[in-house]
Visitor: 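Have a look at the structure that comes next, please.
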There are 2 protein chains.
Amino acid sequence: MARDGKPTRDKILTETKNLVFCNGFSGTSIDQILDKTGITKGAFFYHFKTKNALAKALIETYAEEDMSHLESALQETESLKETPLKRLLQFVQLFIDMMMTLKEPPSCLYASYSYESNQFDQETMDIVSDSILEWRNTFTELLNKVLVENTPKKDIDVQSLSDQFVVIFEGAFVVSKALNDSDITAKQLQHLKNYLELLFD
Amino acid sequence: MARDGKPTRDKILTETKNLVFCNGFSGTSIDQILDKTGITKGAFFYHFKTKNALAKALIETYAEEDMSHLESALQETESLKETPLKRLLQFVQLFIDMMMTLKEPPSCLYASYSYESNQFDQETMDIVSDSILEWRNTFTELLNKVLVENTPKKDIDVQSLSDQFVVIFEGAFVVSKALNDSDITAKQLQHLKNYLELLFD
DNA sequence: ATTATTAAACAGACTAGACGGTACAAATAT
DNA sequence: ATATTTGTACCGTCTAGTCTGTTTAATAAT
(Lines give C-alpha, C1' and ligand atoms only; values in the text may rest on other atoms or scores of the structure.)
Protein backbone atom coordinates (compact mmCIF):
# COMPACT_ATOMS: atom_id res chain seq x y z
CA MET A 1 0.00 0.00 0.00
CA ALA A 2 1.97 2.97 1.25
CA ARG A 3 4.36 4.04 3.97
CA ASP A 4 3.44 3.73 7.63
CA GLY A 5 1.73 6.78 9.11
CA LYS A 6 1.75 5.67 12.72
CA PRO A 7 5.11 7.24 13.63
CA THR A 8 3.85 10.57 12.31
CA ARG A 9 0.61 10.32 14.21
CA ASP A 10 2.44 9.37 17.39
CA LYS A 11 4.88 12.24 16.99
CA ILE A 12 1.99 14.69 16.61
CA LEU A 13 0.36 13.34 19.77
CA THR A 14 3.55 13.41 21.83
CA GLU A 15 4.65 16.88 20.81
CA THR A 16 1.17 18.33 21.12
CA LYS A 17 0.92 17.00 24.66
CA ASN A 18 4.18 18.70 25.61
CA LEU A 19 3.04 21.95 24.01
CA VAL A 20 -0.35 21.84 25.71
CA PHE A 21 1.29 21.42 29.12
CA CYS A 22 2.88 24.88 28.90
CA ASN A 23 0.69 26.73 26.37
CA GLY A 24 -2.73 25.28 26.98
CA PHE A 25 -4.70 23.81 24.09
CA SER A 26 -6.03 27.10 22.72
CA GLY A 27 -2.58 28.57 23.08
CA THR A 28 -1.09 25.82 20.97
CA SER A 29 -1.37 26.55 17.25
CA ILE A 30 -1.16 23.96 14.54
CA ASP A 31 1.81 25.80 13.08
CA GLN A 32 3.60 25.33 16.40
CA ILE A 33 2.91 21.62 16.22
CA LEU A 34 4.25 21.54 12.67
CA ASP A 35 7.43 23.31 13.80
CA LYS A 36 8.00 20.87 16.68
CA THR A 37 7.30 17.76 14.66
CA GLY A 38 8.82 18.88 11.37
CA ILE A 39 5.78 17.70 9.43
CA THR A 40 3.56 19.74 7.14
CA LYS A 41 -0.03 20.81 7.09
CA GLY A 42 -0.95 18.18 4.58
CA ALA A 43 0.32 15.45 6.85
CA PHE A 44 -1.33 16.94 9.91
CA PHE A 45 -4.78 17.22 8.41
CA TYR A 46 -4.44 13.79 6.88
CA HIS A 47 -4.17 12.35 10.40
CA PHE A 48 -6.63 14.68 12.16
CA LYS A 49 -9.63 16.19 10.46
CA THR A 50 -9.73 19.20 12.79
CA LYS A 51 -7.77 20.62 15.69
CA ASN A 52 -10.49 19.40 18.02
CA ALA A 53 -10.25 15.88 16.61
CA LEU A 54 -6.63 16.04 17.76
CA ALA A 55 -7.78 17.17 21.20
CA LYS A 56 -10.01 14.16 21.49
CA ALA A 57 -7.43 11.69 20.21
CA LEU A 58 -4.91 13.21 22.60
CA ILE A 59 -7.05 12.77 25.69
CA GLU A 60 -8.07 9.27 24.57
CA THR A 61 -4.46 8.21 24.26
CA TYR A 62 -3.59 9.90 27.54
CA ALA A 63 -6.47 8.23 29.38
CA GLU A 64 -5.50 4.83 28.00
CA GLU A 65 -1.96 5.23 29.29
CA ASP A 66 -3.30 6.47 32.59
CA MET A 67 -5.59 3.47 32.95
CA SER A 68 -2.72 1.14 32.19
CA HIS A 69 -0.73 2.76 35.01
CA LEU A 70 -3.68 2.01 37.26
CA GLU A 71 -3.86 -1.58 36.08
CA SER A 72 -0.18 -2.29 36.50
CA ALA A 73 -0.20 -0.85 40.02
CA LEU A 74 -3.07 -3.18 40.85
CA GLN A 75 -1.18 -6.14 39.42
CA GLU A 76 2.08 -5.28 41.15
CA THR A 77 0.31 -5.27 44.52
CA GLU A 78 -1.85 -8.31 43.95
CA SER A 79 0.44 -10.55 45.99
CA LEU A 80 -0.59 -8.49 49.03
CA LYS A 81 -4.31 -8.89 48.50
CA GLU A 82 -4.68 -11.01 51.64
CA THR A 83 -3.47 -8.04 53.71
CA PRO A 84 -5.62 -5.19 52.37
CA LEU A 85 -3.96 -2.42 54.35
CA LYS A 86 -0.49 -3.45 53.27
CA ARG A 87 -1.72 -3.60 49.72
CA LEU A 88 -3.27 -0.15 49.89
CA LEU A 89 -0.11 1.34 51.33
CA GLN A 90 2.05 -0.43 48.78
CA PHE A 91 -0.25 0.84 46.04
CA VAL A 92 0.43 4.40 47.15
CA GLN A 93 4.13 3.65 47.61
CA LEU A 94 4.44 2.57 43.98
CA PHE A 95 3.40 6.04 42.87
CA ILE A 96 5.67 7.69 45.43
CA ASP A 97 8.56 5.77 43.90
CA MET A 98 7.45 6.75 40.43
CA MET A 99 7.20 10.43 41.33
CA MET A 100 10.62 10.37 42.98
CA THR A 101 12.27 9.69 39.64
CA LEU A 102 10.95 12.85 38.01
CA LYS A 103 13.41 15.47 36.90
CA GLU A 104 10.93 18.16 35.98
CA PRO A 105 7.49 19.19 37.23
CA PRO A 106 4.81 16.81 35.98
CA SER A 107 1.56 17.81 34.32
CA CYS A 108 -1.84 16.27 33.71
CA LEU A 109 -4.08 16.71 30.69
CA TYR A 110 -7.17 16.24 32.88
CA ALA A 111 -6.31 19.45 34.72
CA SER A 112 -5.29 21.27 31.57
CA TYR A 113 -8.54 20.40 29.81
CA SER A 114 -10.65 21.11 32.90
CA TYR A 115 -9.33 24.66 33.05
CA GLU A 116 -10.39 25.38 29.46
CA SER A 117 -13.30 22.99 29.24
CA ASN A 118 -15.31 25.28 26.95
CA GLN A 119 -12.85 24.49 24.17
CA PHE A 120 -13.87 20.84 24.04
CA ASP A 121 -17.02 18.93 23.26
CA GLN A 122 -18.88 16.84 25.82
CA GLU A 123 -17.44 13.53 24.63
CA THR A 124 -13.93 14.82 25.14
CA MET A 125 -14.62 16.09 28.64
CA ASP A 126 -16.43 12.86 29.49
CA ILE A 127 -13.17 11.00 28.97
CA VAL A 128 -11.64 13.21 31.66
CA SER A 129 -14.38 12.60 34.19
CA ASP A 130 -14.62 8.88 33.42
CA SER A 131 -10.89 8.45 34.00
CA ILE A 132 -10.99 10.24 37.32
CA LEU A 133 -13.96 8.14 38.37
CA GLU A 134 -11.97 5.00 37.52
CA TRP A 135 -9.32 6.04 40.02
CA ARG A 136 -12.01 6.78 42.58
CA ASN A 137 -13.66 3.39 42.12
CA THR A 138 -10.41 1.46 42.22
CA PHE A 139 -9.34 3.18 45.40
CA THR A 140 -12.77 2.61 46.91
CA GLU A 141 -12.47 -1.13 46.28
CA LEU A 142 -9.09 -1.23 47.96
CA LEU A 143 -10.40 0.82 50.87
CA ASN A 144 -13.50 -1.30 51.37
CA LYS A 145 -11.34 -4.39 51.75
CA VAL A 146 -9.28 -2.58 54.35
CA LEU A 147 -12.43 -1.60 56.23
CA VAL A 148 -13.42 -5.24 56.64
CA GLU A 149 -10.38 -5.86 58.84
CA ASN A 150 -9.35 -2.44 60.12
CA THR A 151 -11.41 0.11 62.01
CA PRO A 152 -10.51 3.67 61.11
CA LYS A 153 -9.43 5.97 63.94
CA LYS A 154 -11.81 8.60 62.60
CA ASP A 155 -15.15 8.61 60.88
CA ILE A 156 -14.36 8.84 57.23
CA ASP A 157 -16.30 9.16 54.02
CA VAL A 158 -14.94 6.41 51.77
CA GLN A 159 -15.68 8.17 48.51
CA SER A 160 -13.92 11.41 49.39
CA LEU A 161 -10.98 9.49 50.84
CA SER A 162 -10.77 7.65 47.54
CA ASP A 163 -10.79 10.95 45.68
CA GLN A 164 -7.91 12.20 47.78
CA PHE A 165 -5.47 10.15 45.75
CA VAL A 166 -6.26 11.99 42.53
CA VAL A 167 -6.74 15.27 44.37
CA ILE A 168 -3.21 15.13 45.76
CA PHE A 169 -1.81 14.23 42.38
CA GLU A 170 -3.57 17.09 40.65
CA GLY A 171 -2.81 19.60 43.37
CA ALA A 172 0.81 18.57 43.63
CA PHE A 173 1.18 18.94 39.86
CA VAL A 174 -0.15 22.49 39.98
CA VAL A 175 2.07 23.53 42.87
CA SER A 176 5.02 21.70 41.36
CA LYS A 177 4.61 23.64 38.13
CA ALA A 178 4.00 26.96 39.86
CA LEU A 179 7.10 26.62 42.05
CA ASN A 180 9.11 24.73 39.42
CA ASP A 181 9.92 22.04 41.98
CA SER A 182 9.76 18.46 40.74
CA ASP A 183 10.04 16.88 44.20
CA ILE A 184 6.69 18.07 45.47
CA THR A 185 4.44 15.28 44.22
CA ALA A 186 6.30 12.41 45.90
CA LYS A 187 6.34 14.30 49.19
CA GLN A 188 2.64 15.05 49.01
CA LEU A 189 1.79 11.42 48.31
CA GLN A 190 3.88 10.48 51.35
CA HIS A 191 1.49 12.53 53.46
CA LEU A 192 -1.43 10.58 52.04
CA LYS A 193 0.35 7.38 52.98
CA ASN A 194 0.97 8.75 56.48
CA TYR A 195 -2.70 9.62 56.77
CA LEU A 196 -3.78 6.13 55.76
CA GLU A 197 -1.34 4.58 58.23
CA LEU A 198 -2.54 6.78 61.06
CA LEU A 199 -6.15 6.05 60.17
CA PHE A 200 -5.88 2.28 60.03
CA ASP A 201 -2.81 1.12 61.97
CA MET B 1 -12.07 65.81 34.99
CA ALA B 2 -14.30 63.16 33.44
CA ARG B 3 -16.46 60.20 34.36
CA ASP B 4 -15.20 57.46 36.63
CA GLY B 5 -13.47 54.58 34.86
CA LYS B 6 -13.10 52.30 37.84
CA PRO B 7 -16.42 50.46 37.41
CA THR B 8 -15.45 49.68 33.83
CA ARG B 9 -12.03 48.42 34.85
CA ASP B 10 -13.51 46.28 37.61
CA LYS B 11 -16.12 44.85 35.30
CA ILE B 12 -13.42 43.88 32.81
CA LEU B 13 -11.42 42.16 35.54
CA THR B 14 -14.40 40.28 36.97
CA GLU B 15 -15.77 39.07 33.67
CA THR B 16 -12.37 38.14 32.31
CA LYS B 17 -11.70 36.03 35.39
CA ASN B 18 -14.94 34.12 34.85
CA LEU B 19 -14.15 33.60 31.18
CA VAL B 20 -10.61 32.44 31.90
CA PHE B 21 -11.89 29.81 34.32
CA CYS B 22 -13.66 27.94 31.55
CA ASN B 23 -11.84 29.06 28.37
CA GLY B 24 -8.30 29.55 29.56
CA PHE B 25 -6.54 32.85 28.93
CA SER B 26 -5.53 32.16 25.33
CA GLY B 27 -9.00 30.84 24.68
CA THR B 28 -10.55 34.08 25.89
CA SER B 29 -10.66 36.72 23.16
CA ILE B 30 -10.98 40.42 23.76
CA ASP B 31 -14.18 40.40 21.71
CA GLN B 32 -15.62 37.87 24.16
CA ILE B 33 -14.75 40.18 27.03
CA LEU B 34 -16.44 43.06 25.22
CA ASP B 35 -19.56 40.96 24.73
CA LYS B 36 -19.71 39.96 28.39
CA THR B 37 -19.05 43.44 29.75
CA GLY B 38 -20.96 45.39 27.14
CA ILE B 39 -18.10 47.82 26.69
CA THR B 40 -16.20 48.61 23.52
CA LYS B 41 -12.68 48.24 22.27
CA GLY B 42 -11.82 51.85 22.92
CA ALA B 43 -12.71 51.51 26.57
CA PHE B 44 -10.88 48.22 26.89
CA PHE B 45 -7.60 49.46 25.47
CA TYR B 46 -7.87 52.65 27.44
CA HIS B 47 -7.74 50.58 30.66
CA PHE B 48 -5.28 47.92 29.49
CA LYS B 49 -2.52 48.61 27.00
CA THR B 50 -2.37 45.00 25.83
CA LYS B 51 -4.13 41.72 26.50
CA ASN B 52 -1.14 40.62 28.54
CA ALA B 53 -1.32 43.76 30.66
CA LEU B 54 -4.81 42.58 31.53
CA ALA B 55 -3.42 39.16 32.43
CA LYS B 56 -1.00 40.75 34.85
CA ALA B 57 -3.56 43.09 36.39
CA LEU B 58 -5.92 40.15 36.75
CA ILE B 59 -3.47 37.97 38.64
CA GLU B 60 -2.40 40.94 40.78
CA THR B 61 -5.96 41.61 41.82
CA TYR B 62 -6.59 37.93 42.37
CA ALA B 63 -3.47 37.52 44.50
CA GLU B 64 -4.39 40.55 46.59
CA GLU B 65 -7.81 39.09 47.33
CA ASP B 66 -6.21 35.74 48.06
CA MET B 67 -3.74 37.26 50.50
CA SER B 68 -6.54 39.08 52.26
CA HIS B 69 -8.33 35.75 52.73
CA LEU B 70 -5.15 34.48 54.32
CA GLU B 71 -4.88 37.51 56.57
CA SER B 72 -8.45 37.38 57.75
CA ALA B 73 -8.16 33.67 58.55
CA LEU B 74 -5.12 34.47 60.65
CA GLN B 75 -6.98 37.23 62.43
CA GLU B 76 -10.10 35.16 63.04
CA THR B 77 -8.02 32.49 64.76
CA GLU B 78 -5.74 34.80 66.69
CA SER B 79 -7.71 34.29 69.91
CA LEU B 80 -6.48 30.68 69.84
CA LYS B 81 -2.81 31.54 69.51
CA GLU B 82 -2.03 30.18 72.98
CA THR B 83 -3.17 26.74 71.85
CA PRO B 84 -1.33 26.32 68.55
CA LEU B 85 -2.91 23.02 67.57
CA LYS B 86 -6.41 24.32 68.15
CA ARG B 87 -5.55 27.38 66.13
CA LEU B 88 -4.16 25.36 63.26
CA LEU B 89 -7.24 23.15 63.16
CA GLN B 90 -9.55 26.14 63.37
CA PHE B 91 -7.60 27.79 60.56
CA VAL B 92 -8.36 24.80 58.34
CA GLN B 93 -11.95 24.66 59.60
CA LEU B 94 -12.56 28.23 58.44
CA PHE B 95 -11.82 27.20 54.88
CA ILE B 96 -13.89 24.05 55.20
CA ASP B 97 -16.82 26.25 56.21
CA MET B 98 -16.13 28.61 53.33
CA MET B 99 -15.99 25.78 50.80
CA MET B 100 -19.21 24.27 52.13
CA THR B 101 -21.16 27.31 50.96
CA LEU B 102 -20.17 26.91 47.31
CA LYS B 103 -22.87 26.19 44.78
CA GLU B 104 -20.63 25.53 41.81
CA PRO B 105 -17.13 24.11 41.35
CA PRO B 106 -14.49 26.64 42.33
CA SER B 107 -11.46 27.60 40.25
CA CYS B 108 -8.07 29.15 40.83
CA LEU B 109 -6.16 31.48 38.55
CA TYR B 110 -2.85 30.11 39.86
CA ALA B 111 -3.68 26.73 38.37
CA SER B 112 -5.11 28.21 35.19
CA TYR B 113 -2.00 30.31 34.59
CA SER B 114 0.36 27.49 35.54
CA TYR B 115 -1.13 25.26 32.85
CA GLU B 116 -0.45 27.85 30.13
CA SER B 117 2.54 29.55 31.67
CA ASN B 118 4.20 30.22 28.32
CA GLN B 119 1.53 32.81 27.62
CA PHE B 120 2.71 35.05 30.44
CA ASP B 121 5.88 36.93 31.25
CA GLN B 122 8.06 36.13 34.22
CA GLU B 123 6.69 38.92 36.40
CA THR B 124 3.18 37.59 35.98
CA MET B 125 4.15 34.03 36.86
CA ASP B 126 6.21 35.28 39.81
CA ILE B 127 3.01 36.60 41.34
CA VAL B 128 1.64 33.07 41.21
CA SER B 129 4.65 31.48 42.87
CA ASP B 130 5.00 34.25 45.46
CA SER B 131 1.38 33.84 46.50
CA ILE B 132 1.69 30.09 46.91
CA LEU B 133 4.87 30.59 48.93
CA GLU B 134 2.98 32.97 51.20
CA TRP B 135 0.53 30.21 52.02
CA ARG B 136 3.41 27.82 52.60
CA ASN B 137 5.19 30.23 54.95
CA THR B 138 2.08 31.07 56.89
CA PHE B 139 1.23 27.44 57.39
CA THR B 140 4.82 26.70 58.37
CA GLU B 141 4.67 29.32 61.10
CA LEU B 142 1.46 27.84 62.46
CA LEU B 143 2.96 24.37 62.32
CA ASN B 144 6.20 25.31 64.02
CA LYS B 145 4.25 26.67 66.97
CA VAL B 146 2.37 23.40 67.17
CA LEU B 147 5.63 21.46 67.11
CA VAL B 148 6.86 23.26 70.23
CA GLU B 149 4.09 21.66 72.27
CA ASN B 150 3.04 18.59 70.31
CA THR B 151 5.14 15.70 69.09
CA PRO B 152 3.96 14.36 65.74
CA LYS B 153 3.06 10.67 65.61
CA LYS B 154 5.15 10.37 62.46
CA ASP B 155 8.29 11.96 61.12
CA ILE B 156 7.12 14.77 58.95
CA ASP B 157 8.70 17.32 56.69
CA VAL B 158 7.26 20.67 57.79
CA GLN B 159 7.57 22.37 54.43
CA SER B 160 5.75 19.71 52.47
CA LEU B 161 3.08 19.46 55.14
CA SER B 162 2.64 23.21 54.81
CA ASP B 163 2.29 22.85 51.05
CA GLN B 164 -0.42 20.27 51.50
CA PHE B 165 -2.95 22.98 52.27
CA VAL B 166 -2.58 24.59 48.86
CA VAL B 167 -2.09 21.23 47.19
CA ILE B 168 -5.44 19.99 48.43
CA PHE B 169 -7.15 23.21 47.38
CA GLU B 170 -5.71 23.08 43.89
CA GLY B 171 -6.32 19.38 43.47
CA ALA B 172 -9.84 19.56 44.80
CA PHE B 173 -10.61 22.42 42.42
CA VAL B 174 -9.45 20.37 39.45
CA VAL B 175 -11.42 17.28 40.45
CA SER B 176 -14.41 19.41 41.38
CA LYS B 177 -14.43 20.98 37.92
CA ALA B 178 -13.81 17.69 36.13
CA LEU B 179 -16.65 15.93 37.96
CA ASN B 180 -18.81 19.05 38.20
CA ASP B 181 -19.23 18.46 41.94
CA SER B 182 -19.01 21.52 44.15
CA ASP B 183 -18.86 19.57 47.43
CA ILE B 184 -15.47 18.03 46.85
CA THR B 185 -13.21 20.76 48.20
CA ALA B 186 -14.74 20.93 51.67
CA LYS B 187 -14.55 17.16 52.01
CA GLN B 188 -10.94 17.07 50.92
CA LEU B 189 -9.97 19.76 53.42
CA GLN B 190 -11.69 17.70 56.11
CA HIS B 191 -9.20 14.92 55.40
CA LEU B 192 -6.34 17.35 55.88
CA LYS B 193 -7.86 18.32 59.21
CA ASN B 194 -8.18 14.65 60.13
CA TYR B 195 -4.54 14.09 59.23
CA LEU B 196 -3.39 16.97 61.40
CA GLU B 197 -5.50 15.72 64.30
CA LEU B 198 -4.12 12.20 63.98
CA LEU B 199 -0.59 13.54 63.72
CA PHE B 200 -0.67 15.80 66.75
CA ASP B 201 -3.45 14.72 69.09
C1' DA C 1 13.24 -9.45 -12.09
C1' DT C 2 11.04 -5.50 -13.97
C1' DT C 3 7.36 -2.60 -14.50
C1' DA C 4 2.62 -0.71 -13.98
C1' DT C 5 -1.05 0.10 -10.67
C1' DT C 6 -3.00 1.68 -6.66
C1' DA C 7 -4.07 3.72 -2.31
C1' DA C 8 -2.00 5.61 1.63
C1' DA C 9 0.90 9.33 3.22
C1' DC C 10 2.70 13.67 2.64
C1' DA C 11 3.97 18.55 0.68
C1' DG C 12 2.85 23.26 0.35
C1' DA C 13 0.38 27.22 -1.65
C1' DC C 14 -3.85 29.33 -0.68
C1' DT C 15 -8.22 31.33 1.68
C1' DA C 16 -11.65 33.31 4.75
C1' DG C 17 -12.24 34.82 9.04
C1' DA C 18 -10.76 35.85 13.78
C1' DC C 19 -7.44 37.99 16.40
C1' DG C 20 -4.91 41.76 18.93
C1' DG C 21 -4.16 46.30 18.37
C1' DT C 22 -4.55 51.41 16.43
C1' DA C 23 -6.52 55.95 15.19
C1' DC C 24 -9.27 59.27 16.11
C1' DA C 25 -13.67 61.23 16.79
C1' DA C 26 -17.43 61.74 20.22
C1' DA C 27 -19.14 62.05 24.72
C1' DT C 28 -18.91 63.01 29.62
C1' DA C 29 -18.14 65.37 33.92
C1' DT C 30 -15.87 68.96 36.35
C1' DA D 1 -12.76 74.56 28.59
C1' DT D 2 -10.42 70.52 29.15
C1' DA D 3 -8.75 66.12 30.53
C1' DT D 4 -10.61 61.70 30.98
C1' DT D 5 -13.31 58.14 29.22
C1' DT D 6 -15.73 55.72 25.56
C1' DG D 7 -17.40 54.46 20.56
C1' DT D 8 -16.21 52.70 16.10
C1' DA D 9 -14.07 52.02 11.86
C1' DC D 10 -10.01 50.07 10.36
C1' DC D 11 -5.38 47.33 9.76
C1' DG D 12 -1.90 43.70 9.52
C1' DT D 13 -1.04 39.22 11.27
C1' DC D 14 -2.10 34.77 12.67
C1' DT D 15 -5.28 30.96 12.60
C1' DA D 16 -7.68 26.72 11.28
C1' DG D 17 -8.79 24.55 7.45
C1' DT D 18 -8.85 23.49 2.03
C1' DC D 19 -7.13 22.15 -2.32
C1' DT D 20 -4.34 20.10 -5.61
C1' DG D 21 -0.66 17.70 -6.57
C1' DT D 22 3.49 14.53 -5.39
C1' DT D 23 5.88 10.81 -3.17
C1' DT D 24 6.04 6.29 -1.12
C1' DA D 25 5.64 1.29 -0.89
C1' DA D 26 2.93 -2.88 -1.30
C1' DT D 27 0.74 -5.58 -4.97
C1' DA D 28 -0.05 -7.53 -9.42
C1' DA D 29 0.90 -8.21 -14.22
C1' DT D 30 4.43 -8.77 -17.56
Side-chain angles (χ1 to χ4, degrees), chain A residues 1-59 61 112-113 116-121 123-124, chain B residues 1-59 61 112-113 116-121 123-124:
Chain A
M1 296 274 174
R3 59 189 135 167
D4 186 14
K6 191 163 185 303
T8 302
R9 193 187 136 98
D10 289 347
K11 212 193 302 182
I12 294 173
L13 288 171
T14 303
E15 292 304 326
T16 301
K17 186 175 67 177
N18 293 331
L19 284 167
V20 168
F21 282 156
C22 25
N23 299 317
F25 183 75
S26 301
T28 301
S29 72
I30 291 170
D31 284 337
Q32 272 179 283
I33 297 169
L34 303 186
D35 281 350
K36 276 272 177 187
T37 55
I39 64 167
T40 60
K41 245 173 197 184
F44 178 90
F45 281 101
Y46 170 76
H47 287 284
F48 302 100
K49 262 182 69 182
T50 65
K51 195 190 174 194
N52 264 283
L54 167 61
K56 194 180 175 193
L58 186 60
I59 198 74
T61 307
S112 181
Y113 277 37
E116 45 178 338
S117 57
N118 275 6
Q119 308 298 330
F120 310 106
D121 56 29
E123 282 181 40
T124 298
Chain B
M1 303 268 176
R3 58 189 136 167
D4 186 14
K6 191 163 184 303
T8 303
R9 192 188 136 98
D10 289 348
K11 212 194 299 181
I12 294 173
L13 288 171
T14 303
E15 292 304 327
T16 300
K17 186 174 67 176
N18 292 332
L19 284 167
V20 169
F21 283 155
C22 27
N23 300 316
F25 183 75
S26 301
T28 302
S29 70
I30 291 170
D31 284 338
Q32 271 179 284
I33 297 170
L34 303 185
D35 281 350
K36 277 271 176 185
T37 56
I39 64 166
T40 59
K41 243 172 197 188
F44 178 89
F45 281 102
Y46 170 76
H47 288 285
F48 302 100
K49 263 182 68 181
T50 65
K51 195 191 175 194
N52 264 284
L54 167 62
K56 194 179 174 192
L58 185 61
I59 198 74
T61 307
S112 181
Y113 278 37
E116 46 179 337
S117 56
N118 275 6
Q119 309 297 331
F120 311 105
D121 56 30
E123 282 181 41
T124 299

Visitor: If the plane angle is over 60° it's perpendicular, under 30° parallel, otherwise tilted; pick one for B:F25 and B:F120.
Guide: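 If you compare the ring of B:F25 with that of B:F120, the planes turn out tilted.
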Visitor: Mind calculating the distance between CZ (B:F45) and P (D:dC10) to the nearest angstrom?
Guide: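 Nearest whole value for this atom pair: 18 Å.
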Visitor: Could you check if a side-chain atom of A:T8 sits within less than 4.5 angstrom of a side-chain atom of A:Y46, using non-hydrogen atoms only?
Guide: no
Visitor: Looking only at side-chain N and O atoms, does B:H47 come under 4.0 Å of OP1 or OP2 in D:dT4?
Guide: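 Looking at the OP1 and OP2 atoms of D:dT4, neither is under 4.0 Å from any side-chain N or O of B:H47.
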Visitor: Can you tell me the distance, in whole Å, between the CD1 atom of B:I30 and the P atom of D:dC11?
Guide: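 Value for this atom pair: 19 Å.
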Visitor: Within this structure, what is the NZ-to-C1' distance between A:K49 and C:dC10, rounded to whole angstrom?
Guide: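 Atom NZ in A:K49 sits about 19 Å away from atom C1' in C:dC10.
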Visitor: Between the side chains of A:E116 and A:S26, does any donor sit under 3.5 Å from an acceptor?
Guide: yes
Visitor: As a test of reading the structure: which of C:dG20, D:dG17, C:dC10 is closest to the side chain of A:Y46, going by heavy atoms?
Guide: C:dC10
Visitor: So which nucleotide from D:dG17, D:dT15, C:dG21 ends up closest to the side chain of A:S29?
Guide: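 Ranking D:dG17, D:dT15, C:dG21 by closest atom to the A:S29 side chain puts D:dT15 first.
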Visitor: At less than 4.0 Å, is any side-chain N or O atom of A:T8 found next to OP1 or OP2 of C:dC10? Yes or no.
Guide: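 For C:dC10, OP1 or OP2 has a side-chain N or O of A:T8 closer than 4.0 Å.
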Visitor: Rounded to the Å, how far apart are B:I33 CD1 and C:dC19 P?
Guide: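 Atom CD1 in B:I33 sits about 11 Å away from atom P in C:dC19.
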Visitor: Please give, in whole Å, the distance from C:dA9 P to A:D10 CG?
Guide: 13 Å
Visitor: Could you check how far CG of A:L34 sits from P of C:dA13, rounded to whole Å?
Guide: 13 Å
Visitor: Base, sugar-phosphate, or nothing for A:T28, non-hydrogen atoms under 4.0 angstrom?
Guide: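 Sugar-phosphate, no base atom in range.
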Visitor: Rounding to an integer number of Å, can you tell me how far A:R9 CZ sits from C:dC10 P?
Guide: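 Atom CZ in A:R9 sits about 12 Å away from atom P in C:dC10.
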Visitor: Mind calculating the distance between CZ (A:F48) and P (C:dC10) to the nearest angstrom?
Guide: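 So the two atoms are 11 Å apart, to the nearest Å.
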Visitor: Do NZ/NE/NH1/NH2 and the carboxylate oxygens of B:K41 and B:D31 come within less than 4.0 Å?
Guide: yes
Visitor: With heavy-atom distances below 4.5 Å as the criterion, would you say the side chains of A:Y113 and A:Q119 are in contact?
Guide: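 No, their side chains stay 4.5 Å or more apart.
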Visitor: Test A:L54 against A:T16 for side-chain contact (heavy atoms from CB on, under 4.5 Å), laying out the working first.
Guide: CA-CA 9 Å; A:L54 167 61; A:T16 301; 3.8 Å; yes
Visitor: Which residue lies toward the 5' end of DNA chain C, A:K6 or B:D31, if each is placed at its nearest nucleotide?
Guide: A:K6
Visitor: Counting only non-hydrogen atoms, which of residues 37-44 of chain B are less than 4.0 Å from DNA chain D?
Guide: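 Only B:T40, B:K41, B:G42, B:A43 qualify.
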Visitor: Can any side-chain N or O of A:K51 pair as donor or acceptor with the backbone N or O of A:T28 at less than 3.5 Å?
Guide: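 Side chain of A:K51 to backbone of A:T28: a pair is present.
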